[in-house]
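Every heavy atom of this structure was used, including side-chain atoms; hydrogens, water molecules and symmetry mates were not.
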Amino acid sequence: DSKLTRILKQALGGNSKTAAICAMTPAAVHQDESTSTLRFAERTKQIVNCAKVNEEVNDSGLLKRYEAEMKSMQAQLEEMKRALAQSNEKILQERMEEENRKHEAE
């Protein structure tokens, strides 16, 4: 969570490949900075980025995507209707059986 990491956060993520070059000096005077640079380099090596190809958006592409989405949603709706009808049928059957038991008990 260094300042440099926060500054580079946008560049280290997203839809791109990223390369980092870390430079340091062997001078003893700059040992703290060199150690900090090595720690930063180690953390940046652990970053996993899943880049993907950007999709070019045009009218026909959008139309195809929306048509596929509509078909999927219609299939989901039909499945929900079937499940609801089965549920309603089961509830109705249970109520009828309960009514029959009441009449038989009388």
Do [X] and [Y] come within less than 4.5 Å of each other through their side chains, counting heavy atoms only?
X	Y	result
Lys45	Glu42	yes
Gln93	Glu89	no
Arg43	Arg39	yes

Q | Exam field: side chain Thr35 to backbone Gln31, donor-acceptor pair closer than 3.5 Å | A |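 Flag set: sc Thr35 to bb Gln31 pair under 3.5 Å.
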Contacts under 3.5 angstrom, residues 74-84 side chains, donor-acceptor by atom type, not counting sequence neighbours:
residue, atom, partner, partner atom, Å
Glu79, OE1, Arg82, NH2, 3.1

Q. Is Arg95 salt-bridged to Glu98, cutoff N-O under 4.0 Å?
A.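 Salt bridge: no.
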Q.
Using a 6.0 Å cut-off, check whether atom CG of Asn88 has over 12 heavy atoms from anything other than its own residue.
A.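 Enclosed.
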Q.
Met73 vs Glu69, test: side chain to side chain contact (heavy atoms under 4.5 Å, CB included). Steps then yes/no.
A. CA-CA 6 Å; Met73 292 172 83; Glu69 188 175 342; 4.0 Å; yes
Q: Would you name the heavy atoms of Thr37 and Ala23 that are closest together and state the gap between them?
A: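 Of all heavy-atom pairs spanning Thr37 and Ala23, the closest is CG2-O, 3.7 Å.
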Q) Looking at CG of Leu63 and CZ of Arg65, how far apart are the two atoms once the value is rounded to the nearest 0.5 Å? A)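 The CG atom of Leu63 sits 11.0 Å away from the CZ atom of Arg65.
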Q: Working to the nearest 0.5 Å, report the span between CD of Glu67 and NZ of Lys71.
A: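 Reported to 0.5 Å precision, the distance equals 6.5 Å.
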